[in-house]
Amino acid sequence: MTFISKDFYLQDAIHVAPQLLGIKINRELKNGKVISGIIVETEAYMPDDPACHASRGVTKRNAPMFEEGGICYVYLIYGIYYCLNVVTGKKGSGQAVLIRALELPSHETNRRAAAGPGKLCRHLAINKEQNGLEFSKLNQIWIEEGIPILPADIQTSSRIGISKGIEMQWRFYIKNNSFVSKQYDTNNTKEIK
DNA sequence: GCTCGGATCTAC
DNA sequence: TAGATCCGAGCA
C-alpha cells in the first residue's frame, strides 16, 4: 500500500491525467465496505481552457479547483449525475483531472458499472459531501498505486461532451481496455458500441 | 431576477 | 433520440 505523494498532485493537470491511469481509487461506504477500481480514463482541465469550469475565475461552485492539488472537486451535471475530479497544481491555479472510468475487479457482477463519470460516482456513492475533501483514507476516499501502465499503452483523444476546447487532445485512456466509457475508431470519428 | 445549457446516461 | 431534473453562470 504505497500512497501517492503530495508533489504528485502539484503538477499540471495535463501531466497528472496520464499518470493517474493504472492508479487505484478506493471508497469506503458508510457500512464499512470498501469499493475499489483501477483508473482507466481521465481528462485534463487547465486554467486557460474554455472547457474548464475555472477558466472565468473563482466562483462558489469551482472554488475547490483553486485549492492546492490533492483534493476532490465534485459537481452536479445535467441535474442528475455527479462528476469526480482530482484537483491539481499549486494553490490558486484552477485546474483538475476528471476521472471518467474505472476498471472494477473481476468479482464485481457488472464490471462496467463505473465506465463513465456519472456511473462512476453513482457506483462509488460520491456526491457533494465529498466536494473539497482531501484524498485520504480518513475521508473514506483515497488513491494508491495500482498497476504500471506503459506510455505506449496510453491513448489520447479529444475530450467527451464539451463544446469548447475540442481541439485539445486532453483525454487519456488505456489502449484496448474494455472499461473506458467510449471507444472510437482509429480516426476518432465513429463511436464503436 | 430569469433563462440557458451543461465534463451524462438510459430507455423509448 | 428524447427525457430526466438541477443549478451555476451570464444576461441571449
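So you know, we letter chains A, B, ... as the sequences are listed, proteins then strands, and number each from 1. Note: hydrogens, waters and symmetry copies are ignored here, and every other heavy atom, side chains too, is used.
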Compare side-chain N and O positions of A:S163 against OP1 and OP2 of B:dG6 and report whether any pair is under 4.0 Å apart.
-> yes
Taking only side-chain nitrogens and oxygens of A:R122, does any of them come within less than 4.0 Å of OP1 or OP2 of B:dT10?
-> yes
Would you sketch DNA chain B in dot-bracket for me? Only Watson-Crick or G-U wobble pairs with both distances under 3.5 Å count, crossing pairs as [ ], other-strand pairs as |, the rest as dots.
-> ||||||.||||.
Donor-acceptor pair, [X] side chain versus [Y] backbone, under 3.5 Å?
{"X": "A:K90", "Y": "A:L10", "result": "no"}
{"X": "A:Q95", "Y": "A:V87", "result": "no"}
{"X": "A:R100", "Y": "A:G116", "result": "no"}
{"X": "A:Q130", "Y": "A:N127", "result": "yes"}
{"X": "A:R171", "Y": "A:T42", "result": "no"}
{"X": "A:N62", "Y": "A:G57", "result": "yes"}

Length of the line joining [X]:[atom1] and [N]:[atom2], which is rounded to integer Å:
{"X": "A:I160", "N": "B:dA7", "atom1": "CD1", "atom2": "P", "answer": "13 Å"}
{"X": "A:R61", "N": "C:dC6", "atom1": "CZ", "atom2": "C1'", "answer": "11 Å"}
{"X": "A:N110", "N": "B:dC9", "atom1": "CG", "atom2": "P", "answer": "13 Å"}
{"X": "A:H53", "N": "C:dC7", "atom1": "NE2", "atom2": "P", "answer": "15 Å"}
{"X": "A:R56", "N": "C:dC11", "atom1": "CZ", "atom2": "C1'", "answer": "12 Å"}
{"X": "A:K164", "N": "C:dA9", "atom1": "NZ", "atom2": "P", "answer": "12 Å"}

Interface residues of [range] with DNA chain B (non-hydrogen, below 4.0 angstrom):
{"range": "residues 62-77 of chain A", "answer": "A:M65, A:Y75, A:I77"}
{"range": "residues 90-102 of chain A", "answer": "A:L98, A:R100"}
{"range": "residues 17-26 of chain A", "answer": "none"}

Begin from the C-alpha positions of A:K24 and A:E145 and carry the test salt bridge (charged side-chain N to carboxylate O under 4.0 Å, His left out) through to its verdict.
-> CA-CA 6 Å; A:K24 191 177 180 183; A:E145 284 180 18; over 6 Å; no
Expressed as a whole number of Å, how far does the P atom of B:dA7 sit from that of C:dT1?
->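 It works out to 22 Å between them.
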Could you work out the separation of C:dA2 and B:dG5 based on their P atoms and round it to a whole Å?
->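 Roughly 16 Å separates the two P atoms.
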Under 4.0 Å between a side-chain nitrogen and a carboxylate oxygen: does that hold for [X] and [Y]?
{"X": "A:K91", "Y": "A:E68", "answer": "no"}
{"X": "A:K137", "Y": "A:E28", "answer": "no"}
{"X": "A:D49", "Y": "A:R159", "answer": "yes"}

Verify the distance criterion only: is there a donor paired with an acceptor across the side chains of A:E134 and A:N139 at less than 3.5 Å?
-> no
Using ring pair (Phe, Tyr, Trp, His ring centres under 6.0 Å) as the criterion, list what pairs up with A:F66, not counting sequence neighbours.
-> none
Can you sort out which residues in residues 78-89 of chain A have a heavy atom within less than 4.0 Å of DNA chain C? Ascending by number, please.
-> A:Y78, A:G79, A:I80
Joint hydrophobic cluster, A:V74 plus A:L29, side-chain heavy atoms closer than 4.5 Å =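 Yes, one cluster joins them.
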Please check if the distance between the ring centroids of A:H53 and A:Y45 is under 6.0 Å.
->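 No, ring centres 6.0 Å or more apart.
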Are more than 12 heavy atoms from other residues, nucleotides or ligands located less than 6.0 Å from atom NZ of A:K128?
-> yes
At what distance, to the nearest 0.5 angstrom, does CG of A:L98 lie from OH of A:Y73?
-> 10.5 Å
